[in-house]
> 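Quick one: structure below, then a few questions.
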Amino acid sequence: MPVDPYILLLFGTVGLAALLPARGTGADLASGASTGAIALLFFLYGARLSTREALDGLRHWRLHGTILACTFVVFPLIGLAARGFVPAGILSDPLHQGLLFLTLVPSTVQSSIAFTSLARGNVPAAICAGSFSSLAGIVATPLLAAALLGGGGGPGSGGFSADSVTKIVLQLLVPFAAGQVLRRWVGEFVLRHRKALGLVDRGSILLVVYTAFGQGTVEGVWQRVSPARLGGLLAVEAVLLAVMLLLTWYGAKALRFGRADRIAIQFAGSKKSLAAGLPMASVLFGAQASMAVLPLMLFHQMQLMVCAVIAGRRSRDAGDRPGAVAPAPAGEVTVPAPAGSSRTGAGTGTRSG
């Protein structure tokens, strides 16, 4: 059951923002740096993402259509249904809005590929599914947020303003499109220096988290999140993840997908991207972003832990089948690639035991 070290860094950053939030001129500087970091992040996403690989996957349209439907239709419908926990006192309205935003973000790329590979599923399908979801999420997530959250000023604020549209275009769509256009010239450089640029990715997201939670601290966000409500949020997220894991597995079986495809559908269709969701929340919700990203951060770690167990079990099940692929050599462990990476070329690595 892996605990992602990057999650520990994220929560450490939240703690720093709660104790030492930026104020005054410092807050303005942090906000400006965060805006630039988000634009850089989406430029790098565009430069990494192979549109050709994604389009090549159209030949398996039933599988990708199923994953996209899980990501952008079924997930949001369950998020809307979770509104019933607010009158019951399990969730506050801002926490439900953050939970609903979580259901709108695209699927993960790297960890979906890693777990699909570990479980001996259809890895090429997982690669293409991650590409499709990332491409669709650039447009679908802001549009769904506008329709379901009234996204302009934050969770529960109501109204999707022209200023919000401008921010989305300038901070998300334009850098992403620029990365795609320049990919033929910078793509090789980005892939060759992916480790160093991965640190840039992670550092940028930490800056976004610090800025969002610092603003939330100044506005008294922690007075609105009691331990009981936090426990309720974790319980609701556990139910959400369980429902999606069951729906993707048995729904794919009902649609007559083979075992390898069902594995890809389960892991790509039940997960949400922290790397894409955090900067999107900062752009969409501004000072209210802290309440929007808290549920996503908790869900991210939960999905890693649960899916690691499921992938290991699927791998053992596959090993008992006639003609199954041989397991990795003794002394090596297949591990997920670092969280926050959006590279679609390879999903797993090996580490000496």
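Here the structure is a predicted model, which is why all the values come from computation and not from measurement.
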> About how many Å separate NE2 of His193 and CG of Leu199, when rounded to the nearest 0.5 Å?
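The CG atom of Leu199 sits 12.5 Å away from the NE2 atom of His193.
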> Between Lys253 and Arg262, is there a side-chain heavy-atom distance shorter than 4.5 Å?
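They are in side-chain contact.
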> Is there a side-chain contact between Gln266 and Ile310 in this structure, where contact means two heavy atoms from C-beta onward sitting under 4.5 Å apart?
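Gln266 reaches Ile310 side chain to side chain.
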> Do you know which of Leu172, Leu296, Ile38 makes side-chain contact (heavy atoms from CB on, under 4.5 Å) with Met280?
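Considering Leu172, Leu296, Ile38, a side-chain contact (heavy atoms from CB on, under 4.5 Å) with Met280 is found only for Leu172.
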> For Tyr250, does the OH atom sit with more than 12 other heavy atoms under 6.0 Å from it, leaving out its own atoms?
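No, the 6.0 Å shell around OH holds no more than 12 heavy atoms from other groups.
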> Looking at Arg192, I want to see if its CZ is surrounded by more than 12 non-hydrogen atoms of other residues, nucleotides or ligands under 6.0 Å.
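Enclosed.
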> Is there a donor-acceptor contact under 3.5 Å from the side chain of His300 to the main chain of Lys271?
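No, the answer is negative, given that no donor and acceptor are paired below the 3.5 Å cut-off.
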> What's in the same ILVMFWY side-chain cluster as Leu20, cut-off under 4.5 Å, chained through other members?
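Cluster partners of Leu20: Leu16, Leu19, Tyr210.
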> Could you tabulate the donor-acceptor pairs under 3.5 Å formed by side-chain atoms of residues 232-247, not counting sequence neighbours?
{"residue": "Glu237", "atom": "OE1", "partner": "Phe299", "partner atom": "N", "Å": "3.3"}

> Name the one of Cys307, Ser315, Ser270 that satisfies side-chain contact (heavy atoms from CB on, under 4.5 Å) with Phe115?
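Going through Cys307, Ser315, Ser270 one by one, the side-chain contact (heavy atoms from CB on, under 4.5 Å) with Phe115 is satisfied by Cys307 alone.
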> Quick one: CG on Leu91 to CG on Leu100, what's the gap to the nearest 0.5 Å?
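Rounded to the nearest 0.5 Å, the CG-CG separation comes to 11.5 Å.
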> Check for a donor-acceptor pair, side chain of Ser273 on one end and backbone N or O of Ala276 on the other, with a separation under 3.5 Å.
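Present.
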> Nearest 0.5 Å please: distance from the CG atom of Leu144 over to the OG1 atom of Thr103.
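The CG atom of Leu144 sits 8.0 Å away from the OG1 atom of Thr103.
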> Please identify which of these residues, Val208, Val200, Leu206, Asp201, meets the side-chain contact (heavy atoms from CB on, under 4.5 Å) condition with Ser204.
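Among Val208, Val200, Leu206, Asp201, the one that satisfies the side-chain contact (heavy atoms from CB on, under 4.5 Å) with Ser204 is Val200.
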> With heavy-atom distances below 4.5 Å as the criterion, would you say the side chains of Phe42 and Pro279 are in contact?
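Answer yes - side chains close enough.
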